[in-house]
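Chain identifiers are assigned alphabetically (A, B, ...) following the order of the sequence lines, protein sequences preceding nucleic acid strands; residue numbering begins at 1 within each chain. Side chains are part of it too, since the values below use all heavy atoms of this structure and drop only hydrogens, waters and symmetry mates.
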Protein chains: 2
Amino acid sequence: MMAKGKLSDRQRRMLEFIQTHGREHGYPPSIREIGRAVGISSTSVVNYNLNRLVEEGYLDRHQNVSRGIRLTDKLGDAASRLADVVRVPLVGRIFASEPVLLPSTDAPMFGADEAIEITRGLLPVHEGLFALQVKGDSMIDAMVGDGDIVVMRRQPDWRNGDMVAVWLRSKEETTLKHIYKEGARIRLQPANPTMKAIYVDDAADVEVQGKVMLVVRQLH
Amino acid sequence: MMAKGKLSDRQRRMLEFIQTHGREHGYPPSIREIGRAVGISSTSVVNYNLNRLVEEGYLDRHQNVSRGIRLTDKLGDAASRLADVVRVPLVGRIFASEPVLLPSTDAPMFGADEAIEITRGLLPVHEGLFALQVKGDSMIDAMVGDGDIVVMRRQPDWRNGDMVAVWLRSKEETTLKHIYKEGARIRLQPANPTMKAIYVDDAADVEVQGKVMLVVRQLH
DNA sequence: ATTCTAGCGGAACATCCGTTCTATGTCAAG
DNA sequence: CTTGACATAGAACGGATGTTCCGCTAGAAT
C-alpha cells in the first residue's frame, strides 16, 4: 500500500511529464497525452492518479476543462512561480588598459545579440544594467578573474562603499574598486582585504563609469 | 483596412486576455473563452483573428489541440521566458575550518526554505546542485570573498582542471582549488595566478566534496 | 476464509473544442 | 455600379477530452 504523503513511481513520472510538457509546449498535457507518456492505457487511471496528486498538493485541477491542470509550487518548480528574469545585454569586454565601453544608447537591447539572463532576485535594481566580460588578470585585486562577467549599472553618482568601475585619467587605467570620499581626496579600496588602498588627491582624476551590481564566474 | 503589422483593438484585447488567462489559470484559454472575454459570439471569428496573430508573430498554434496556443516573446512578456530557471537550495555556509556541509538527502529541496534561482543558461548541468555562502576571507586565494555564493554539484569524481571544494584531512581545512592529478600526487592550484600551488603526496588526504559550477557575488 | 481498499484497465458517454462552410456587411479600388 | 478583399456571424461536423461506471487483481486487515 502506498503510504500517505508518498508518491508512486508513476505519479512522479506524471509530475515530471506535466512539468516538461508545459515548458516545451506552453500548455498542460491532456489526460490521454499523460497516459501515453508514462505508459498508462486507461484514462481513468490517469484521472485517478491526478486526483491523488491533487490530494497531495502537487496539482490544482479545474473540472470539465480540457488540460485544466496547474502545477503548484510544492516541487519548487520554477515554472509555477513568477520568478521572471532580467535580460542584461553583454556589451563588450573590460580591460585594465581601456575605459569601460558604455552602451551607446539607452534603448534596451537594441542590436545586442548577446545577453545574459539573471533572475530578478539576484539584483536590487533592474534598469540601466549592462554586462561586461573581464579580459585578463588585471582585476585580481578586486577578486575578479579572467572570464568573469561583471553586471554594472550605468550611473555617474555613487555613495561611500559602492564598488564601481573607475577610469583613472592620469594612470590611463580601468579598475574595479570600492570607493570612499575622504575629505578632499578619494580612497579606492580593493575588495581583496590583503591589498592596500589607492588614494587620489584630485577628484577629477577619477571617472566613475558605473556601479558594479553583480559578479558571476562560470566554471566549465 | 487594417495595415500590415498593426493590430486591431480586438486582437490587442485577445492577446491581453490570453496573457492574463495563462497567468491566472496556468493554461491557455479555449477559443470560446476568448470569444466570451472580448465579446465575440462566433468561434470562427476568434479563430480568424488568432490566425492573424500567428501571422504577425505574436502566437504559436498547435492544430487540432484544445487550448493549443502559446504566446511568443514578441510582446516582451516575461511569462513566456520564465521557464528557464533552476532553483538551487542554499544549504548552508562554508568555512575554511570545517568540512563542507553536504545536503543530507538527495530529495530535492527537502526542508530547504532558502534557495537561489539561477537561469539555466548560466549552468551547464541542472541536477545535483546546491549552493553555499562563503563565510570569511579564507578563500581569497580562490578569488572568492566573504558573502559570495558558490554553486556546487555533488560529485565525488573529478577531472583535471576542475575547480572543486576539497577537505584536507591532515590540515583540517576546506579550500576551493583547481585540482590536477600529477602522477602519484595531487596538485591543488589556486585560481589566483599570483599564488602558488599546494602539492599533496597522499591522495587519500584530499576529500573532494563537490565541483564548483558557479560563483556569484552580489554587491549591495 | 472473508472483507476491504488501493490501484489498474477498458469501455461508454456527454460535452468541450477546433475546424469548416455558408452568408452577410463594409469599404476602397476599378 | 461592380468587384474583391477583409471582417464578422452563425451553424454544423467530427474529433478531442474529461467523467463515470463496471470489473478485475493483489495485498492488508479482520
Side-chain angles (χ1 to χ4, degrees), chain A residues 1-18 20-22 24-72, chain B residues 1-18 20-22 24-72:
Chain A
M1 171 191 160
M2 192 56 49
K4 181 155 191 163
K6 288 290 185 177
L7 296 183
S8 72
D9 196 57
R10 268 189 168 173
Q11 289 160 4
R12 238 186 307 275
R13 275 186 296 154
M14 284 171 60
L15 278 180
E16 190 181 350
F17 175 68
I18 294 170
T20 304
H21 190 283
E24 290 182 355
H25 297 88
Y27 50 85
S30 71
I31 285 188
R32 284 169 181 82
E33 286 169 344
I34 297 173
R36 216 173 303 134
V38 303
I40 301 178
S41 65
S42 172
T43 57
S44 67
V45 176
V46 177
N47 186 54
Y48 169 78
N49 284 290
L50 283 178
N51 287 331
R52 291 244 27 194
L53 289 172
V54 171
E55 286 172 23
E56 298 292 340
Y58 290 94
L59 293 179
D60 286 338
R61 287 188 81 184
H62 279 45
Q63 295 242 323
N64 300 319
V65 171
S66 64
R67 305 173 192 273
I69 305 175
R70 141 178 277 176
L71 285 168
T72 65
Chain B
M1 172 196 159
M2 193 55 51
K4 183 156 191 163
K6 288 289 184 178
L7 295 184
S8 73
D9 197 57
R10 265 188 170 173
Q11 288 160 3
R12 239 185 306 276
R13 275 185 295 154
M14 284 172 62
L15 276 182
E16 190 181 350
F17 174 69
I18 294 170
T20 304
H21 189 283
E24 290 182 354
H25 297 88
Y27 51 84
S30 70
I31 284 187
R32 285 169 179 82
E33 286 168 344
I34 297 173
R36 215 174 304 134
V38 303
I40 301 177
S41 64
S42 170
T43 58
S44 68
V45 176
V46 176
N47 186 55
Y48 169 79
N49 284 290
L50 281 178
N51 287 331
R52 291 245 25 193
L53 289 172
V54 171
E55 286 172 23
E56 298 292 340
Y58 290 94
L59 292 179
D60 286 338
R61 288 188 80 184
H62 278 47
Q63 296 239 321
N64 299 318
V65 171
S66 64
R67 306 172 191 274
I69 304 174
R70 139 178 279 178
L71 285 168
T72 65

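- In this structure, of dC8(C), dG18(C), dG7(C), it is dG7(C) that holds the atom nearest to the side chain of Tyr48(A).
- Remark: the backbone N or O of Ser66(A) is paired with a side-chain donor or acceptor of Arg67(B) at under 3.5 angstrom.
- The nearest whole Å value for the distance from the CD1 atom in Ile31(A) to the P atom in dC16(C) is 15 Å.
- Distances from the side chain of Arg61(B) to the nucleotides dG9(C), dG18(C), dT8(D) place dG18(C) closest.
- With values rounded to the nearest 0.5 angstrom, Asp60(B) atom CG is found 11.0 Å from Ile69(B) atom CD1.
- With hydrogens and angles ignored, no donor-acceptor pair under 3.5 angstrom links the side chain of Arg10(A) to the base of dG7(C).
- The CG-C1' distance, from Asn64(A) to dA16(D), rounds to 15 Å in whole Å.
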task: Apply salt bridge (Lys or Arg N to Asp or Glu O under 4.0 Å) to the pair Arg52(A) and Glu56(A), showing each step before the final yes or no.
output: CA-CA 6 Å; Arg52(A) 291 244 27 194; Glu56(A) 298 292 340; 3.0 Å; yes
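- Rounded to a whole Å, the CG atom of Leu50(B) is 13 Å from the C1' atom of dC17(C).
- Contact annotation: Arg52(A) side-chain N/O to dG7(C) OP1/OP2 distance is under 4.0 Å.
- OP1 or OP2 of dT8(D) has at least one side-chain nitrogen or oxygen of Asn49(B) nearer than 4.0 Å.
- As rounded to whole Å, 17 Å separates atom C1' of dG18(C) from atom OH of Tyr27(B).
- Residues Ile18(B) and Pro29(B) approach most closely at CG1-CG, 4.0 Å, considering heavy atoms.
- Between Glu56(B) atom CD and dC6(D) atom P the separation is 12 Å, expressed in whole Å.
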message: side chain to side chain contact (heavy atoms under 4.5 Å, CB included), that's the test. Do His21(B) and Ile34(B) meet it? Break it down for me.
response: CA-CA 9 Å; His21(B) 189 283; Ile34(B) 297 173; over 6 Å; no
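- Between the side chain of Arg70(B) and the backbone N or O of His62(B), no donor-acceptor pair lies under 3.5 Å.
- Rounded to an integer number of Å, the gap from Ile34(B) CD1 to dT19(C) P is 11 Å.
- Taking five base pairs at each end of the helix from dA1(C)-dT30(D) to dG30(C)-dC1(D), the local helix axes there meet at an angle of 10°, rounded to 10°.
- Gln63(A) places its CD atom 14 Å from the C1' atom of dC16(C), with the value rounded to the nearest Å.
- For the pair Val38(B) and Asn49(B), the minimum side-chain heavy-atom distance is 4.5 Å or more.
- In this structure, Arg36(B) atom CZ and dG18(C) atom P are separated by 11 Å, rounded to whole Å.
- Judged by distance alone, the side chains of Arg61(A) and Asn47(A) do bring a donor and an acceptor atom under 3.5 Å apart.
- Residue Ser66(A) places none of its side-chain N or O atoms closer than 4.0 Å to OP1 or OP2 of dG18(D).
- No side-chain heavy atom of His25(B) sits less than 4.5 Å from a side-chain heavy atom of Val65(A).
- The stretch residues 39-47 of chain A touches DNA chain D through Thr43(A), Ser44(A), Asn47(A), each having a heavy atom within less than 4.0 Å of the strand.
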